[in-house]
Amino acid sequence: MLIFEHSSPGRKGAPQSPSAEAMPTGIPENLLRKNSASLPEVSELQAVRHYTRLSQKNFSIDTEFYPLGSCTMKYNPRACNTLAMLPGFLDAHPLTPDEQNQGFLACMFDLQSMLCEATGMAAFSLAPMAGAQGEFAGVAMIGAYHRSRGDDARREILVPDAAHGTNPATAVMCGFTVREIPTLDNGDVDLEALQQAVGPQTAGLMLTNPSTLGVFERNIEAIARVIHEAGGLLYYDGANLNAILGKIRPGDMGFDVIHSNLHKTFSTPHGGGGPGSGAVGVAERLKPFLPLPVVTKEADTQRGESYRYLTASDRPQSIGRLSAFMGNPGVLLRAYIYMRFLGREGMVRVAEFATLNANYMMAEAKRRGFTLAIDNRRASHEFIITLKNEARDYHVSAMDFAKRLLDLGYHAPTTYFPLLVPECLLIEPTESEAREALDGFMDALEQIRNEAQETPELLHAAPQTLPVKRLDEVRAARQLDLAYKGR
Amino acid sequence: MLIFEHSSPGRKGAPQSPSAEAMPTGIPENLLRKNSASLPEVSELQAVRHYTRLSQKNFSIDTEFYPLGSCTMKYNPRACNTLAMLPGFLDAHPLTPDEQNQGFLACMFDLQSMLCEATGMAAFSLAPMAGAQGEFAGVAMIGAYHRSRGDDARREILVPDAAHGTNPATAVMCGFTVREIPTLDNGDVDLEALQQAVGPQTAGLMLTNPSTLGVFERNIEAIARVIHEAGGLLYYDGANLNAILGKIRPGDMGFDVIHSNLHKTFSTPHGGGGPGSGAVGVAERLKPFLPLPVVTKEADTQRGESYRYLTASDRPQSIGRLSAFMGNPGVLLRAYIYMRFLGREGMVRVAEFATLNANYMMAEAKRRGFTLAIDNRRASHEFIITLKNEARDYHVSAMDFAKRLLDLGYHAPTTYFPLLVPECLLIEPTESEAREALDGFMDALEQIRNEAQETPELLHAAPQTLPVKRLDEVRAARQLDLAYKGR
Amino acid sequence: MPFIPHTGQEITQMLDTIGADSIDDLFDEIPEHLRAAVMEAIPQGMNEMEVSRLMHQRAGLNTRALCFLGAGSYQHHIPAAVWEITTRGEFYSAYTPYQAEASQGTLQLTYEYQSMMTALTAMDVSNASMYDGASSLAEAILMSVRANRKSKSRKILIPTTVNPVYRQTAHTIVNGQQIELLDVPYDETTGTVKLEQIKQQCEGDITALVLQQPNFFGCLEAVDEITDWAHENNILVIAVINPLAAAILKPPGEWGAEEHGGADIACGDGQPLGAPMSAGGPYYGLLCCKQAYVRQMPGRIVGRTVDLDGKEGFVLTLQAREQHIRRSKATSNICTNQGLVVTASTIHMAIMGATGLENTAAACLANNNKLVECLTAIDGVEKSFDAAHFHETVLRLKKPAAEVLKGLIQKGILGGYDLSLDYPELGNALLVCTTEMRSQDDINAYVEAMKEVMTRSDSDLGLVQDTVLC
Amino acid sequence: MPFIPHTGQEITQMLDTIGADSIDDLFDEIPEHLRAAVMEAIPQGMNEMEVSRLMHQRAGLNTRALCFLGAGSYQHHIPAAVWEITTRGEFYSAYTPYQAEASQGTLQLTYEYQSMMTALTAMDVSNASMYDGASSLAEAILMSVRANRKSKSRKILIPTTVNPVYRQTAHTIVNGQQIELLDVPYDETTGTVKLEQIKQQCEGDITALVLQQPNFFGCLEAVDEITDWAHENNILVIAVINPLAAAILKPPGEWGAEEHGGADIACGDGQPLGAPMSAGGPYYGLLCCKQAYVRQMPGRIVGRTVDLDGKEGFVLTLQAREQHIRRSKATSNICTNQGLVVTASTIHMAIMGATGLENTAAACLANNNKLVECLTAIDGVEKSFDAAHFHETVLRLKKPAAEVLKGLIQKGILGGYDLSLDYPELGNALLVCTTEMRSQDDINAYVEAMKEVMTRSDSDLGLVQDTVLC
Ligand SMILES: Cc1ncc(COP(=O)(O)O)c(C=O)c1O
Ligand SMILES: Cc1ncc(COP(=O)(O)O)c(C=O)c1O
């Protein structure tokens, strides 16, 4: 039932409403609303009950193992939420004068510094509100850099075919054209194809390393050389740093600009779709172009250190603002708190145990006879199973496997991404899962393969134990019903 | 699965633990623990996931209509929780000097005053930690009062047979003997039997009005006269004031002492069993005996009004303390906040709409052909259906009805209480439920009666849709398994 | 080890299964000389007790002054139930609802959000959110360029009464795509845009026109007249709204003559509907449009459908617009949105209902009238504009706003937004805001403080500069 | 109307169904002359915004000083997850689990609690909680009288090292039942009870003996020796424990010779395991006993059983002990207990684990040693007792404790518990406590403040009386 269907005309959540004021005069009639908006009219109890029950219809990290590749569904410590929601932060107006906002600014400055150290970049801006906006900022800076040098011909961005969809979409949004670079069967970028692709039109290359295929790009130094020699810049899609934190730094690999999804590696919650943060870091030469705001620390003779926002006059070459205020401070605070929990030792351990868990599951998958997309390599924080054999032999799809997993109490891995691998499951366990969860998942996968052989209809009809059975997506797109207008 | 079964030896929730200190010397070896307690060894994520999932196995007000008679399952406003958990309250040590504790004491003083006004009593103590302890305090005061007057022969407490089990249990705990008074078919106390029962041995009568039969005791003035003329005192079991708030006050009916369950009428949550508060109020003559602590207000010349705890030296005749500190302050704060929400108008409305909902459901029950335990009377905040006919005709019990209701998404009413009515359901909707919920429940009840006739096995096998089917209580009591000791 | 459950024994067993000797072996594909050194600049880890102490200290450093500052972020009452439910693990720690059957909670809620937002704006379609109001305007502009097939110019008219940071953000984001943003000046007596001024600015083919209601000065624009003119000239209208104000003001879907169907696209920031000010976010961008433009919409959209048994259910739909399907041809690069804030906002709207929002909006307005009346009774304080307004008003002061604000903050009052940088032509201008949260006592405190600041000489101001604030 | 969903139309329809003209008619069985007047002394209702403002003001009036006060309530770190999960609606707003199938969450959790508590105490059985530590002791005494079939005296020995408010509460509660509570004095050098002193007090038949470990002075009693003696004399042993200390101290189930099976009953306050100090509650009383006494146990108990399909499940069991079944013959009148605090405490124990609790207990103790060492270096401060202790210590001061505490609170320090009222024989005695929450900085702050207070003359103290506190 929809919340609208609990509605009764005239019912109100009285304790929440200021007492009715006479509508002030002075507003011309034609600027006023004629009819009340048809929002639901429910009591507070009805709303609480409805949304509490709705929440129970979700899978989530707090309730299920959620090995969704490229998404890093790790534990979101509750303390990060509690502490980020202290009244001193929640009640802070974004335009509060810096002197009254020192506690928050100190956190932001520290966060910038820790991100620089963790990635080997010279400076960070926390402005981007998600990975895609971080990419936007990064690519826009690449554009601004070339322009600032009068190098206006560089209108092409190179993107490997395994890349996340946001990479090409971003490049286009920034006004570039996109050229795809193929990937070899072993998961490395096709270096020859890359060499042929670069030229005076090359603005840069967007790369994820480890790639979305779950392997480390072994030729990274050669790639960096090719791009830099062609006059391009190297962009690191660091949506996911879980695989390398404390082990190798993008700056040391030769990247000029990077974004990092704090809502993945740094454990801010995904919230059913967002919000996130795509903090963006740069090498020294791109620093002037960083998006605003950026926080700086100043030694103030009177009261010791103090912090302030840099403005456009401090950074005249900045690509500008990406949001009305400061990105997503609540997300940034959660990431900051998480990083203080981890500290330098804890960060290395993230990479170590995320990698251990992925390699363990990959070994188990192999042992149990599943086909790996890329064999005989180390997994990074994730790895890929291809179910092409099962699809061929039993007429079941990766999607069927995914839906059946739901029935068994596991969230499905990422399916059909990266696009190169047929019938694939991209599996990312993260470091915060215990071995029992990994084993339980592999048992489930094995059980499903047996079912695929013996009772494939079980897979086709899955899920059976959830609030709804398989949903008709085609109908949803054909007979658009995007808002309730009464029954 | 039990939390213990997620355990792995040596696993820890590291972020929660201070770093290991060397066990300080100086404690003799024989006073130290030899083996670590076998608590579960799980990660924070495992604990969060386990208890989040467990919670989902409960019915609750926040998820279901819960018309449990005599329990007053009304909406527990979330703000009461949020505001009672402000750090200024949570971090207050109970022995904080009064001067540093003025905010909390002011709330407690106001709460005492509001309870006096709402019940018509002269003074209140907030010390009792639940209804039963409120009863204990009340009956102990009755004893202390008689003793203070040298009236030592009064060793008997009268209790109507419809009374809640805590009434007789309390009287015995206070050292009294109990005599039961019968109830007439129309729900009123048998006045003649009462007259015959009273005498110089009578310490007092414990009465609930409206009674647990859901009707108002019409002879209350006569009853008061009988008891008072016999030299006894009149105790009001005001566990539930929902039916009369702002309509009639126990003090005005002639009661000398009353307890009120703040976790019912004043909406503090039941928390799966507690905590509660059984604040106790008295007429003037019992004031010296009130349990401590009690908060008083003093006009302080220097800083205006101030509040302090009364001590034993202020109240030498007090029956004493019932707990180490101040009862259950967190519960008291929630009740206080709720009462400030309601205000005087809101309190009257509680009684009005609780009564409207109960009478509406009773009328609906009658219309749908159910048998009422007491017909042709007004319901108070609750009423009783007896399923004795259905039991006779279809061989189904009130318990079967209750379990089947769970399948249909409704918490069952109270069953088999009061003990006088065979196969009964005691139904209390409370004022915070919308009419749709009441109708939905009555539809379910009607559906079940039809099923009882046509497919009684559906009832016997209920519930089917919950985490477990009907549980074996006999086995639980015979083969006691009260703690996990490994599998 | 923080948040890592592995015991020593488990590690050994897992490495055995993998066939590796140590965890470090798992990184042997990384060139040795590239390995990172210890990250000295990152402090050591802390336990929760220590982190908690640190964050309480930091939060305590933020001064909590009485807030009369608005300018795009507003302090409203939020029912306690809103964030208690929103932060339930099942909402908080779920991913984007790609597995629909296991995400009906988030999906149904989002559908309800879309329904509420279209009801509030009187628009046909809402998406599931953009990042914030400013970036939402930028996407609305990009969308208008795709949607207006009759226009080739890629020229957009933006009055300077639109929030300056929104205009800056739009510039950053549309910059790469050869889109021209043309400023339109405002009328100096009304504080609103006059149609004549727009016409003057408008040479030939224009793709879209942006109109903010209430505008950045808090003033109400003549939305009907301007919308009609735009539509008559094949110009799309992009409304920028405050969704709380929309509870009492004419919603964008009803701007102008009925036959044109109102504004074409509506955007704005959802913050006033359940998001705390929180130093600037997370908020969310609302984005609505006419049915005809739904395939040009960026971001996620939830649709209602049925399952195998014909039972109602919800899915992400029209995904072919999005980057994960369409890649370089997507309507936008947006992927992660502001889902959790939308969750809060949906619950907020459900609990408040239309009546609650209307009463809140009316209380904001009434409070602003009270405040402005008292302030303008002070010598040296007067209103800048005479147009009708919502809950913000521009005041002209006899002293520089920056100086006045410094004086006020010393009395624990966040007095408003200094307009002198963005609008130097207005002189010493201050934008003051009141929400329903400002009680009569609060207003009195502001008025008293302002009296003192306005009568104090400049040297007094300097003297008290370092007093501890409340 | 607060929290009432009825619309005017619904009210009319419902009254129609009932056949009444007005809501007031529904009260027509109440004698007219008894009807209540308007409750003038109760203020008018408020909306949530107003209530919230009021409660923030009130909470703000409470001074938040650095806490070195214990005496039965202790400030410990509680993981954020604990109360976030505990206050989930499904736990928070559920009733007592009478409908077992619809309450498996609460029931299984309670079974896990019982399992953890028996593990911690090394006792056989735990109930599902009593109100608090003090009332739990009272019930333990009543229980011992029922359980000790060999004794007829109803005499209970209670050393004065047992928390004074626990002893007072026990008096109030057992008062009506002809039970005699006999004080046992303590040794003035050790601060503990000596077996000889007990023997002196003990004439003839004794039902039970109470022993608190650590005792009210923080000192450790000779539990083995005393337990053995009691058992040899057919006296039941009632242990009063701090369950956090039990993580490192010998648990009551192991007191004395193995063949006696340890203490017979263990009680105490669960507050140190996950309940905030909260001005005194809600906490919960833990109550455990030997298997033999389970049918004398008051309060609820959860048992594990199976359902119709043989699947594991949980129910309330042995209900025949309780008032709702046995009425006047019940083991106690208790009905509502402290379930939600038990919920928090269970989650707390699960997250902390034995290691976490051990480290916490050790940190408390180490901090107390640090503090006491520094304080006793000050002239006029010395230790009163020489027995081993946990996290509290009694100090003898050269000035009255009340005066010293006044001085300390002016420096934002809650310095401890003044023992002079309860134990006048100890002179100027102060009980100081440190938990793991007290950092080195906190300890230094206390020491500095104490130095100043001890060197200050009395008239200085008077002077600063009204200074604003931190
Ligand atoms: C590799 C990669 N790049 C970019 C993104 C986009 O990040 P966001 O969703 O925060 O915009 C993602 C997130 O799914 C990703 O996995
Ligand atoms: C009528 C009546 N009296 C007394 C009580 C006992 O109250 P408590 O459970 O708070 O001890 C109850 C609660 O169930 C009750 O309904």
Side-chain angles (χ1 to χ4, degrees), chain B residues 13 17-18 21 27 36-39 47 54-55 57-62 83 86 88 90 92 94 100 103 117 129-130 132 165 168-170 172 174-175 178 216 269-276 320 323-326 328-329 343-344 346 352 360 363 434 466 468-469 471-472 476 481 483-484, chain D residues 2 5 14 18 23 29 39 41-42 44-45 55 58-59 61-63 89-90 92-96 101-102 104-106 115 118-120 131 134 165 172 176 276 279-282 303-305 307-308 313 317 323-324 327-328 330 333 336-340 350-351 354 356 359 362-363 366 388:
Chain B
S17 176
E21 295 269 353
I27 299 188
S36 285
S38 22
L39 297 182
L54 266 195
S55 78
K57 296 188 178 177
N58 272 0
F59 275 35
S60 67
I61 312 170
D62 278 10
L83 297 173
L86 289 174
L90 286 193
Q100 273 75 46
E117 177 77 354
M129 291 189 286
T170 297
V172 168
C174 290
V178 173
F216 186 79
H270 284 90
S323 62
F325 303 110
M326 170 54 176
N328 279 330
R344 66 172 85 107
E352 292 183 340
Y360 172 73
L466 298 187
V468 289
K469 296 192 179 168
L471 289 161
D472 188 344
D481 176 354
Y484 175 79
Chain D
M14 291 169 79
I18 297 169
I23 292 181
E29 292 188 1
M39 300 182 292
I42 296 179
Q44 295 209 325
M55 294 311 292
R58 290 271 171 95
L61 287 180
N62 278 21
T63 316
E90 299 96 318
Y92 185 78
S93 76
Y95 200 75
T96 302
E101 299 84 359
Q104 288 296 298
T106 292
S115 305
T118 52
L120 202 52
Y131 301 129
V165 291
T172 309
R304 181 156 59 161
T305 184
D307 75 359
L308 279 180
T317 194
Q323 48 71 34
H324 64 286
R327 300 179 73 82
S328 64
N333 70 341
T336 290
N337 62 18
Q338 306 283 117
L340 197 69
I351 292 179
N359 289 352

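Just the heavy atoms: all of them, side chains too, but no hydrogens, waters or symmetry mates, feed the values below. The sequence lines fix the lettering, A, B, ..., with proteins before strands; numbering per chain opens at 1.
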Just give me the residue among [options] that pairs up with chain B most often, heavy atom to heavy atom, under 4.5 Å.
| options | value |
| --- | --- |
| D:Gly176, D:Ser115, D:Gly303 | D:Ser115 |
| D:Gly356, D:Ala388, D:Pro5 | D:Pro5 |
| D:Asn62, D:Leu340, D:Val165 | D:Asn62 |
| D:Thr106, D:Thr172, D:Leu61 | D:Thr172 |
| D:Ala330, D:Pro282, D:Ala134 | D:Pro282 |
| D:Pro276, D:Ala119, D:Gly313, D:Ala102 | D:Ala102 |

Do the side chain of [X] and the main chain of [Y] share a donor and acceptor less than 3.5 angstrom apart?
| X | Y | result |
| --- | --- | --- |
| D:Glu90 | B:Lys57 | no |
| B:Glu117 | D:Ala41 | yes |
| D:Ser93 | B:Asp62 | yes |

Find the one option among [options] whose heavy-atom pairs under 4.5 Å with chain D are most numerous.
| options | value |
| --- | --- |
| B:Ala47, B:Ala324, B:Gly320 | B:Ala324 |
| B:Ala132, B:Gly272, B:Gly343 | B:Gly272 |
| B:Ala37, B:Gly175, B:Gly13 | B:Ala37 |
| B:Met326, B:Arg344, B:His270, B:Met129 | B:Arg344 |
| B:Gly346, B:Ser36, B:Pro18 | B:Pro18 |
| B:Leu466, B:Asp472, B:Val178, B:Val172 | B:Asp472 |

*Let me know if B:Leu90 has heavy atoms under 4.5 Å from chain D in its side chain, its backbone, both or neither.*
both
Please report the shortest heavy-atom distance between [X] and [Y], naming the atom on each side.
| X | Y | result |
| --- | --- | --- |
| D:Tyr131 | B:Ala130 | CE2-CB, 3.5 Å |
| D:Asn359 | B:Ser17 | ND2-OG, 2.9 Å |
| B:Leu86 | D:Met55 | CD1-O, 3.7 Å |
| B:Leu471 | D:Gln104 | CD1-NE2, 3.2 Å |

*To the nearest 0.5 Å, how far apart are OG1 in D:Thr336 and OH in D:Tyr95?*
5.0 Å
_Separation between CZ of D:Arg58 and CG of B:Leu83, rounded to the nearest 0.5 Å_ = 12.5 Å
*Using non-hydrogen atoms only, which part of D:Ser328 is less than 4.5 Å away from chain B: side chain, backbone, both, or neither?*
both
*Below 4.5 Å from any heavy atom of chain B, which atoms of D:Ile23 appear? Answer side chain, backbone, both or neither.*
side chain
*Just jot down the side chain to side chain donor-acceptor pair (under 3.5 Å) partners of D:Thr96, sequence neighbours excluded, or say none.*
D:Arg300
